[in-house]
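Notes to accompany the following structure.
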Amino acid sequence: MNMTPPTTTAVTPLRPSAHFTSHTSWLNDPNGLVYHQGVYHLFFQTNPFGSTWGNISWGHATSTDLVSWTEQAVAIPATDEEMAFSGSAVVDTRNTAGFANDGETALVAIYTSARPPVGEMPGLQAQSLAFSTDDGATWTRYAGNPVLDIGSSEFRDPKVFWHGGDDGNWVMVVVDAVARKVLFYTSNNLIDWTFASDFGPAHATSGVWECPDLFPLRVGATGETRWVLIVSMNPGARAGGSGTQYFVGDFDGTTFVAERLTASDDLEEYDWLDHGRDYYAAVSFDNAPANRRLMIGWASNWDYANETPTSPWRSAMSLVREMRLVRCADGRHRLGQVPVIGEGHAGMTISEHTIAVEPGSRSTIVLDSDGATDEQVLVHFDRDGDSASLTVERGSSGIVDFHPRFAAPNRVPIGAHIASPIDVRIVVDATVIEIFLADGTQTVTEQVFPSVALSRARTQQ
Ligand code: FRU
């Protein structure tokens, strides 16, 4: 977390429409994504008293269509004793924790109690519960908190889900952040937890590991299932700063085994959920209908998150993305991500392109304001021998001088599984650009801060 004060006073007048922002405050990771009785709940790390990181609490927003969000009252406020760091929420249908009275169903949030260091005493991070028996409107901290304390100051971001049928149990994935490990615990009641196994360090390890997730997905139409382990890492990710990697493998209820682990230290060899600079801490909804696996990421980067030129809000979420698992021509399983856009949502520009990527000729998609300003974003496609790449240039996109690394281009090698011509879909929503290549098997998310919306997308040879 970079607490440097902003160096610029200019701010963009724009605010995204379908990418959730808090009305007046700071926002980082999505938390507690859960579907319950027709409503999607999005909790988020927020500072109720400001637009930089601090006083960390769980904000709350709701939606019935995943595109229009309504901000609600803060759900779990910071107290004098603790901040409420990232975590998840579940519907305790079987009332395993005993929080619901007759006729009620409890929603249970599992969050990290983060206590700052005091004098000689180190800080502490431990896992705690809060529950709601009024469908998410109000939340009560569990009196027996914390429920999982291993005496660590780097133990956070629990993601909990039910594994198995009626005789199943809860599973928690949580990080030992500095050890670069995901830890797995099991429980029958959300209160008593037993250590099961760990995973890591593996692949990208230069930063701390944060915000894990684990879920099963069918492989295309094959009927086979694989498990996907999501691990965010900051700093040192592929595009610099914060980024999210994933591992495909198997999970038997206690242990995760990755099917492809490479010893290479080349960051490009790993599987990244997104290749842009602004997609972090992505996690999925619990209990989503029709078995859909829906994720939201935080569309920012700890490199400059506290300095982005917006006011009084700061930072947006990504669009909701539906995850698929695809067996690619090279035999590897990759996530395919489809944005949930809704029907003609006002304020977003959505364009589709078919880009031939040939040796010696550069194709460029220009995103601009149709003549209203000179501000633009360029997305170049190049081929050098066998390797194709995409480069996002946002150096002339509007306000860029608030951080030295913001204006630099982001060059992204295009996966070898993607052949020319490439289907490209671009969603622009005020300050967030999401690029989907080849059925979303590669995505690139980048923030911009123009003075007028980049409402036009055209191809230039
Ligand atoms: C990730 C993160 C989490 C932590 C939260 C604090 O962005 O650092 O590990 O719980 O933010 O706001």
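In listed order, ligands and their atoms are each counted from 1.
Under 3.5 Å, the side chains of Tyr280 and Glu210 contain a donor-acceptor pair of N or O atoms.
Set against the non-hydrogen atoms of Ser86, the atoms of ligand 1 under 4.0 Å away are 5 (C), 10 (O). Shown in contact with Asp157 at under 4.0 Å from a heavy atom are these atoms of ligand 1, numbered in order with element: 3 (C), 4 (C), 9 (O), 10 (O).
The shortest N/O to N/O separation between Glu210 and ligand 1 falls below 3.5 Å. Checked against a 3.5 angstrom limit, the closest N/O atoms of Tyr280 and ligand 1 fall outside it.
Figure legend: cation-pi geometry between Arg260 and Phe247 absent, as NZ or CZ is not positioned both under 6.0 Å from the six-membered ring centre and within 45° of its axis. Within the cation-pi definition used here (under 6.0 Å to the ring centroid, within 45° of the axis), Arg334 does not qualify as a partner of Tyr246.
Within the 3.5 Å criterion, the main-chain N or O of Pro450 finds a donor-acceptor partner in the side chain of Thr12.
With respect to Val147, the side-chain contact (heavy atoms from CB on, under 4.5 Å) criterion is satisfied by exactly one of Asp192, Leu190, Asn189, Ile191: Ile191.
At least one heavy atom of Asn28 sits less than 4.0 Å from an atom of ligand 1.
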